[in-house]
2 protein chains.
Amino acid sequence: MLLQDVLKELRKAGIRLTPQRQEVLQALFDGLQGECQPQSAEEILQVVRKRYPGVSPDTVYRTLGTFKKLGLVREVNFRDGCRRFELALQGGHHHHLVCLRCGRSRELPFCPADCLVRVQEYCPDFEIEDHAFTVFGYCPKCREESRDVFRETVEV
Amino acid sequence: MLLQDVLKELRKAGIRLTPQRQEVLQALFDGLQGECQPQSAEEILQVVRKRYPGVSPDTVYRTLGTFKKLGLVREVNFRDGCRRFELALQGGHHHHLVCLRCGRSRELPFCPADCLVRVQEYCPDFEIEDHAFTVFGYCPKCREESRDVFRETVEV
DNA sequence: ACGGAATTAGGAATAATTCCTATCTAGGAG
DNA sequence: CTCCTAGATAGGAATTATTCCTAATTCCGT
Ligand SMILES: [Mn+2]
Ligand SMILES: [Mn+2]
Ligand SMILES: [Zn+2]
Ligand SMILES: [Zn+2]
């Protein structure tokens, strides 16, 4: 799905298409490229300001909240002190593997869907809205580096 | 496992047993009772201060960090603006179902262990440390209440 | 009991997020 | 096209969670 399609959807949903919102959306689409690092509000703000200086953090947060309510954006937590956001386009559902040292993440094409089914059976009257599955640990690069540090320490 | 056993383990691990740490540990054990709501640092601070006034937030955070490194405490995120903590005693591994409205949580006896295995295969060089599986949505009570509000709105 | 490394209190600093309010504007009605 | 207004924004202040700093204290092995 492309930016244009999403804009159409938003219009259909009765969302006013301000330039600010479009820029935030664009930033979210940009974040989809490459290694897919969900972005913090601050990061999105910086991207947006390149094209549209003067946007306020408040607007970014408000817009992300709006998009989240529409199911267009998902929030993820990487335990690095801020919330992160990424587009939740249909068919692209995934989760993350996060390095607790460098903070980089990798997409995981696994989803504990069976657990969700069991949860729904376990609590039939609970209305499930979203779920998080995130794996934390240390990436190969960071493990390598800490091994180096260890060597240096020992050799001294 | 009881408080005494954990204290023994801590001593074995070379952790200095200050009264502050013992109080934080006690607070965490208290949190285990009842409906198991993982506690925020602030909540723990309040509990600790009842017995031991004058503890600083810093100490609570530092202690939680220490316990986390030891694997004694797990951190969970309920999307309510603060980190939450709970004891991670052996055999008691579980996850949570969280209401986005009232913030209350319920324990889930399901763990996406199979996903973790696949993740480990997918990234053999990544050192998995921890994982999060949390289901968000609206609890029966909150759904009921919002239905009431809806009725009132319509009837006016 | 002593010494020293680890720990703490308290207050300042930081960083993320929200609130407030005067001003602006997208988009529907005419 | 112009007008109108509900909804959106900027900017700065306020809030809240968390960390940093440092002098003073304390656990615990010897
Ligand atoms: Mn992603
Ligand atoms: Mn729990
Ligand atoms: Zn890494
Ligand atoms: Zn609820």
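So you know, we letter chains A, B, ... as the sequences are listed, proteins then strands, and number each from 1.
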In the structure I gave you, are the side-chain heavy atoms of R84(B) and D80(B) within less than 4.5 Å of one another anywhere? yes

What's the closest nucleotide to the side chain of R16(A) if the choices are dC27(D), dT9(D), dA6(D)? dA6(D)

[X] to [Y] six-membered ring, cation-pi geometry met (6.0 Å, 45°):
| X | Y | answer |
| --- | --- | --- |
| R106(A) | Y122(B) | yes |
| R74(A) | F85(A) | no |
| R83(B) | Y61(B) | no |

Under 4.0 Å, counting only non-hydrogen atoms across every strand here, what does P53(A) touch: a base, just sugar-phosphate, or nothing? nothing

Using a 4.0 Å heavy-atom cut-off, does T18(A) contact any base of the nucleic acid, only the sugar-phosphate backbone, or nothing at all? sugar-phosphate

Under-4.0 Å side-chain N/O to phosphate OP1/OP2 contact, Q20(B) with dC27(D): no

Reading DNA chain C 5' to 3', which nucleotide is the first, and which the last, to come under 4.0 Å of any heavy atom in chain A? dA16(C) to dG27(C)

Using C1' atoms of five pairs at each end, report the bend of the helix from dA1(C)-dT30(D) to dG30(C)-dC1(D) rounded to 10 degrees. 40°

Polar atom pairs (N or O), protein with nucleotides 15-18 of chain D, under 3.5 Å:
unit_1	atom_1	unit_2	atom_2	d
dT18(D)	OP1	R83(B)	N	3.1
dT18(D)	OP1	R83(B)	NE	3.1
dT18(D)	OP2	Y61(B)	OH	2.3
dT18(D)	O5'	Y61(B)	OH	3.1
dT18(D)	O3'	R83(B)	NH2	3.4

Rounding to a whole Å, what distance do you find between R21(B):CZ and dC27(D):C1'? 10 Å

Is the distance between the ring centroids of H131(B) and H93(B) under 6.0 Å? yes

